[in-house]
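The structure appears below as structure tokens.
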Amino acid sequence: MDDDTLIAAAWRVRENAYAQYSGFPVGAALLGSNGQVFVGCNVENLSFGLTQCAERVAIGSAISAGFRAFTCVAVVSDSSEPISPCGACRQVLAEFAPRLRILSETLSGVRAEFSLTELLPRASTGILG
Ligand code: THU
């Protein structure tokens, strides 16, 4: 699957975001090593701390479906610059794909690429050191 197709899936699922408190809908599309795509959007809550980010919704969906190996995640939002996953999402993504590619695109078409290794160095050592 090419990057454009994965990003398009993230834009589609962003339409379903429940982001009425922040007004900041996000879509994520996670590419499984087998080529299958798992999507997620942010799901906010009146109790703000219970908000689930799009990336964690996507990975929860993938794990629930029985997939645990991933190569890339696309994240999309309407922001001035491409966003990257929050610290909590980085940690959760690292559990399954420490070398994940992360693609991010804004509504105006600005694209960035990160690696999870860069965003969360030393993830593999866990809590030890
Ligand atoms: N959000 C995500 O879903 N993914 C990100 O990568 C950044 C932030 C959500 C959380 C919250 O619902 C809203 O965006 C504002 O932070």
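Quick note: residue numbers are just sequence positions, from 1. Remember, it's 1-based here, ligands and their atoms both numbered in the order they're listed.
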Q | Shortest non-hydrogen contact from Phe114 toward Ile83 | A |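 Taking Phe114 first and Ile83 second, the nearest heavy atoms are CE1-O, 3.8 Å.
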
Q. Between Asp3 and Arg111, is there a salt bridge with N-O shorter than 4.0 Å?
A.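 Asp3 and Arg111: not salt-bridged.
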
Are any side-chain N or O atoms of [X] and backbone N or O atoms of [Y], one a donor and one an acceptor, separated by less than 3.5 Å?
X	Y	result
Glu55	Val75	no
Ser61	Val57	no
Ser115	Glu118	yes
Thr106	Asp78	no
Asn42	Phe24	yes

Under 4.0 Å from any heavy atom of [X], which atoms of ligand 1 are there?
X	answer
Glu44	11 (C), 12 (O), 13 (C)
Val26	1 (N), 2 (C), 3 (O), 4 (N), 9 (C), 14 (O)
Ser22	13 (C), 15 (C)
Glu55	2 (C), 3 (O), 4 (N), 5 (C), 6 (O)
Ala54	2 (C), 3 (O)

Q. For atom 14 (O) of ligand 1, is some protein heavy-atom partner under 4.0 Å away?
A.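 So atom 14 (O) of ligand 1 has protein heavy-atom neighbours under 4.0 Å.
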
How close does the nearest protein non-hydrogen atom get to [atom], and which residue and atom is it?
atom	result
atom 9 (C) of ligand 1	Asn42 ND2, 3.5 Å
atom 7 (C) of ligand 1	Ile83 CD1, 3.9 Å
atom 16 (O) of ligand 1	Phe24 CD2, 4.6 Å

Q | 4.5 Å side-chain heavy-atom contact, Glu113 and Ile102 | A |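 A side-chain contact is absent here, since even the closest heavy-atom pair is not under 4.5 Å.
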
Q) Pro85 near ligand 1, heavy-atom distance under 4.0 Å? A)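 Yes, that is the case, since the closest heavy atom of the residue is under 4.0 Å from the ligand.
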
Q) Heavy atom of Ser84 under 4.0 Å from ligand 1? A)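 The answer is yes, since Ser84 has a heavy atom less than 4.0 Å from ligand 1.
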
Q | Contact (N/O only, under 3.5 Å) between Gln52 and ligand 1 | A |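 No; the residue has no nitrogen or oxygen that sits under 3.5 Å from a nitrogen or oxygen of the ligand.
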
Q) Of Ser104, Ser79, Cys53, which has the heavy atom at the shortest distance from atom 2 (C) of ligand 1? A)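 Nearest heavy atom to atom 2 (C) of ligand 1 lies in Cys53.
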
Q) Do the rings of Phe48 and Tyr21 sit parallel, tilted or perpendicular, given the 30° and 60° boundaries? A)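 Rings of Phe48 and Tyr21: tilted, 30 to 60°.
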
